[in-house]
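First the proteins, then the strands, lettered A, B, ... as listed; each starts at 1.
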There are 2 protein chains.
Amino acid sequence: MVREEDILQKLESHQLRKTAFRKEVLELFMASEGEALSNQELESQLDNPDRITLYRTLKAFEDKGLIHLAADSGGISRYALCLADCTTHAHHDQHAHFQCRTCGKTICLEGEVVIRAQAPAGYKVERENLTLEGLCDECI
Amino acid sequence: MVREEDILQKLESHQLRKTAFRKEVLELFMASEGEALSNQELESQLDNPDRITLYRTLKAFEDKGLIHLAADSGGISRYALCLADCTTHAHHDQHAHFQCRTCGKTICLEGEVVIRAQAPAGYKVERENLTLEGLCDECI
DNA sequence: TTCCAAATGCAACGCCGTTGCAATAATTTT
DNA sequence: AAAATTATTGCAACGGCGTTGCATTTGGAA
Ligand SMILES: [Mn+2]
Ligand SMILES: [Mn+2]
Ligand SMILES: [Zn+2]
Ligand SMILES: [Zn+2]
């Protein structure tokens, strides 16, 4: 269960207006901690789902450092709550994700992630994007 | 320069008919060795670009183990020639990719790639997908 | 050369990201 | 507390692109 108090606090600390829609969306994210949610998954759980408003809400949340995008090899966008203290245009969370090839469930992997890959000489690597694919505990 | 002989040989060894369209597409891939190409980039270089035919051609190439998809964090699909000897429904190439955040140039990284990331207990990891993002040598 | 299976090119559908705009709601100011 | 200001919402609408169906054309085998 998510306390309304925490929802409001989170919206305020990220300079987002406390509207009914945003409270509802943020609650969904906070309730499914560590799991990345797609637009469809979110829409299906909203009282009054409007895909355009959701689109802008997610953009605002991402912009203000509340959620981050989890890349999907299939092209589906999924968002998850930022674990670190991210702010506007300053996302600090750099972690891998796991995605189940059967149910699509996508989770953030907080644990140690070591990546060693060399780009050609003259190239500058700024970010690393790692996704593990396989079967989740329920689909195994 | 790509020899027509090599193009035809590659199509035949992967059980693909040697049509004008496919020869042209394959030549583009072979000419830009190691670089992943988007549909747009391919279309702009084709004599008679038809997006549907290109779509089906890429699907056939991928299916027959000629090319592989390079995930794009932005949702754009890019394909590159398979380096390993991949066959129908059997892609062996497991390598990282680099993508330039400015020009979009995407290349396959053949070099050693070491990934260490833990999925939760009870999860089964089957594949690892790593993309490095940054600036290429021309955009630096 | 004849025939069959596959590939092509075109129309068409649907999904989704994106933008504009007027109505509505949240926050700030008086 | 009311008015003013500013942001958000919901709707219409456009465009790109993945996808499929179908008639026509082409490649490869007989
Ligand atoms: Mn994450
Ligand atoms: Mn590659
Ligand atoms: Zn699963
Ligand atoms: Zn570049």
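Whole-Å rounding puts the B:L69 CG to D:dC17 P distance at 15 Å. Regarding B:Q15, its CD atom lies at a distance of 18 Å from the P atom of C:dA5, rounded to whole Å. Here D:dT24 presents its P atom at 16 Å from CZ of B:R56, a figure rounded to the nearest Å. Protein atom CD1 of B:I52 is 18 Å distant from nucleotide atom C1' of C:dA6, rounded to whole Å. As a whole-Å value, the separation of B:L54 CG from C:dT8 P is 10 Å. For B:E41 and D:dC17, the CD to P distance is 12 Å, given to the nearest whole Å. The nearest whole Å value for the distance from the CG atom in B:L26 to the C1' atom in C:dA7 is 16 Å. If you measure from atom CZ of A:R78 to atom P of C:dC16, you get 12 Å, rounded to the nearest angstrom.
Clustering ILVMFWY residues whenever any of their side-chain heavy atoms sit less than 4.5 angstrom apart, transitively, puts B:L37 in a cluster other than the one holding B:F98.
Distances shorter than 4.0 Å separate some side-chain N or O of B:K18 from OP1 or OP2 on D:dG28. Of the side-chain N and O atoms in A:Y55, one or more sit less than 4.0 angstrom from OP1 or OP2 of C:dT18. Between B:T57 and C:dT8 there is a side-chain polar atom (N or O) within less than 4.0 angstrom of OP1 or OP2.
A:H97 places no side-chain N or O within donor-acceptor distance of the main-chain N or O of A:I107, the cut-off being under 3.5 Å.
Note on B:T19: only backbone sugar-phosphate atoms sit closer than 4.0 angstrom, heavy atoms only; bases stay farther off. B:S77 comes within contact range of no nucleotide atom at all, as no heavy-atom separation falls under 4.0 Å.
The side chain of B:Q40 has D:dC17 as its nearest neighbour among C:dT18, D:dC17, C:dG9. Closest approach to the B:K59 side chain among D:dT20, D:dT9, C:dT18 is made by D:dT20 (side chain taken as heavy atoms from C-beta onward). Residue A:R22 places its side chain closer to D:dT8 than to any other of D:dG10, D:dT8, D:dC22.
In the displayed structure, A:K124 atom NZ is contacted under 6.0 Å by at most 12 heavy atoms of other residues, nucleotides or ligands.
Using a cutoff of 4.0 Å between basic side-chain nitrogens and carboxylate oxygens, B:R51 and B:E43 are not scored as salt-bridged. Between A:E35 and A:R78 there is no salt bridge, since no side-chain nitrogen of the basic residue lies less than 4.0 Å from a carboxylate oxygen of the acidic one.
Along DNA chain C, the nucleotide nearest to A:A20 and the one nearest to B:D50 differ in position, and the one closer to the 5' end is contacted by B:D50. Each of B:N48 and B:R17 has a nearest nucleotide on DNA chain C; the 5'-most of these lies closest to B:R17.
Between the side chain of A:R51 and the base of C:dG14, no donor-acceptor pair under 3.5 Å is found.
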